[in-house]
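Worksheet: the structure to be examined is printed underneath.
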Amino acid sequence: MPESVTVPPEPEAEPELRRAIGPKLLLFFVVGDILGTGIYALTGRIAGEVGGAAWLSFGLSFIVAMFTATSYVELVGKYPRAAGAALYTQRAFGIHFLTFMVAFAVMCSGLTSAGAAARTFGGDYLTEFVSAPTLLVVIVFLVVLALINFRGVSESVRLNVVLTSVEVIGLLFIITIGAIAVARGIGDPGNALEFHPGANPFGLVVSGAALAFFALVGFEDSVNMAEETNDPPHVFPRALFIGISIAGVIYMLVAFFATSLVPLDILSASDGPLLEVVRVGASWLPLAAFSFIALFAVTNSALINMLMASRLVYGMSRERIIPKVLGVVHPRRRTPWVAILFTSVLAIGLASWGGVSELGGTTALLLLCVFTLVNAAVLVLRRQPVKHRHFRAPTIFPVLGIICCAYLATPFSGRDPDEYRIAGVLLLIGIVLWLITWMAKRVSAARAHDEA
């Protein structure tokens, strides 16, 4: 009789992520991810570059973001999985190196954004309560966010609802006190219509938009939550477009009243520019009260960026672009715990490296490059229709998205050269990691061939 052969059992598949996000939670997620660090930390810096008409830079960024959002909505409807831009790049172009670099760039953008938020948290807003070493604050801050992330997406997104509500209230408060102050004759709304003398207004607006775009990014993070959202093709379009519109209008109004009330030299020199608006428009309010709101807003930005980064790593692991171990899901919490640990360690390293404006500008630069590819991918992937119904973007929007995103990523937009140096170092690290992964696969294939 032939010898019996014992077949090893198939390894158990990783459990699926829990679908816990409905339309309202997703809208809060989008709004909460966009609102936050950018407007609370960089309004003064953008005003310093453009002049009083800094709100126009936020408006231009809003338009560019909306072009790209239409591409994301079409793609997430076709491919409702967690990998986002990297998945779309792989399906459209089929170049593993390009896919890896897109994934790495998006992950780094989330981590640089979280790092900027962590440093903002440890800056002027926190000093209204306590003085502590910035690095210590950064580490503790990001460790706490990692624990919240690990506990579960349902808990994280519900906390996002609370934090988003607080930060929206804070920004609406700035708009309200600004409107009241201007109506009472405090400040000069004419300042919000002026540019720095001797410069081309269009060039100033574009230069400001190159940095202001950091304040509008975040909407793309939501596609990495697709596997945890109920009915993504139906839910995403409305949530994304409404969320970006809400954020864009709020940003433009905040910037308008900030430059109307506060002299540009004071506004541009402040690490907490909205505190200066409160100081002028609501002198009766203790600055610590608004600082408390600002800290909530910054925390929300960092939390959602860390959620995005960990889900992106998880999605790439599922696509076998990065090591499988990074896609391990905790059996009880049903969260990608290895990816959470990995991204948290990297975020701490980045936050220890650069300042708020450098990290914020690098975030915008990396994402503008990614968005250029995403807008191209949506056109390429129309050759591969799917059977289910989904949103289809008007073709002109992805085309305009390619042009605008590519231009804002170039030095012609007035971008700070330091941002290219930081991005270059990060992408060089990505290339090294890709080479290591490629060589490991070749060695593994050679060993398998020899054993056969």
Side-chain angles (χ1 to χ4, degrees), residues 17-40 58 61-82 84-85 110 113 117 148-149 152-173 175 215-254 293 296-309 311-312 367 389-391 393 397:
L17 300 181
R18 179 178 287 118
R19 292 192 181 274
I21 304 175
K24 293 180 181 178
L25 283 179
L26 184 62
L27 177 59
F28 269 95
F29 186 97
V30 173
V31 174
D33 199 9
I34 298 175
L35 299 180
T37 304
I39 193 69
Y40 280 90
F58 285 104
S61 298
F62 162 66
I63 293 171
V64 175
M66 193 62 82
F67 289 153
T68 302
T70 62
S71 295
Y72 269 100
V73 169
E74 177 171 335
L75 290 169
V76 77
K78 291 180 72 173
Y79 313 110
R81 301 187 64 183
S113 181
I148 295 171
N149 195 352
V153 68
S154 179
E155 290 83 355
S156 299
V157 176
R158 282 181 170 79
L159 177 60
N160 166 251
V161 171
V162 177
L163 297 179
T164 298
S165 299
V166 172
E167 65 185 338
V168 169
I169 289 171
L171 294 175
L172 291 179
F173 176 73
I175 294 170
L216 266 295
V217 299
F219 64 88
E220 77 288 349
D221 293 349
S222 61
V223 303
N224 293 297
M225 310 303 290
E227 289 186 45
E228 294 163 279
T229 300
N230 295 311
D231 191 13
H234 176 72
V235 169
F236 265 89
R238 179 174 295 183
L240 209 55
F241 294 143
I242 294 176
I244 294 174
S245 299
I246 290 172
V249 171
I250 289 176
Y251 278 0
M252 293 173 69
L253 289 173
V254 168
I293 294 174
F296 266 82
V298 170
T299 300
N300 200 32
S301 295
L303 173 62
I304 297 182
N305 275 286
M306 295 307 296
L307 275 169
M308 178 277 294
R311 269 50 180 191
L312 176 57
L367 286 178
R389 297 181 63 184
H390 62 85
F391 173 87
F397 287 172

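- Within the model, atoms CZ of F391 and CZ of R238 stand 12.5 Å from one another, a figure rounded to the nearest 0.5 Å.
- Contact annotation: the side chain of I34 never approaches that of V217 to less than 4.5 Å [non-hydrogen atoms, C-beta and beyond].
- The minimum heavy-atom distance between Y72 and A85, with the atom names listed, is OH-CB, 3.7 Å.
- Side-chain atoms of Y251 come within 3.5 Å of backbone atoms of A215 as a donor-acceptor pair (strictly under, hydrogens ignored).
- A distance of 10.5 Å separates CD1 of I169 from CG of L171, quoted to the nearest 0.5 Å.
- The CD1 atom of I250 sits 9.5 Å away from the CD1 atom of I39 when rounded to the nearest 0.5 Å.
- A distance-only check finds a donor-acceptor pair linking the side chain of S301 to the backbone of L35 [under 3.5 Å].
- Taking CG of L75 as the reference point, atom CZ of F236 lies at 12.0 Å (rounded to 0.5 Å).
- Nearest approach of E74 to H390, heavy atoms of both residues: O-ND1, 3.9 Å.
- No option in V30, V73, I246 other than V73 meets the side chain to side chain contact (heavy atoms under 4.5 Å, CB included) test with F241.
- The backbone N or O of A65 sits nowhere less than 3.5 Å from a side-chain atom of T68 that would complete a donor-acceptor pair.
- Between L253 and I175 the shortest heavy-atom distance is CB-CD1, 3.7 Å.
- Across all their heavy atoms, N305 and S113 have their closest contact at ND2-OG, 3.1 Å.
- Closest approach of Y40 and A297 over heavy atoms only: CE1-CB, 3.3 Å.
- Interatomic distance, CG of L303 versus CZ of F296, reported as 12.5 Å (0.5 Å rounding).
- Between F58 and V254, every side-chain heavy-atom pair lies at or beyond the 4.5 Å cut-off.
- Nearest heavy atoms, M306 versus N149: O-ND2, 3.4 Å.
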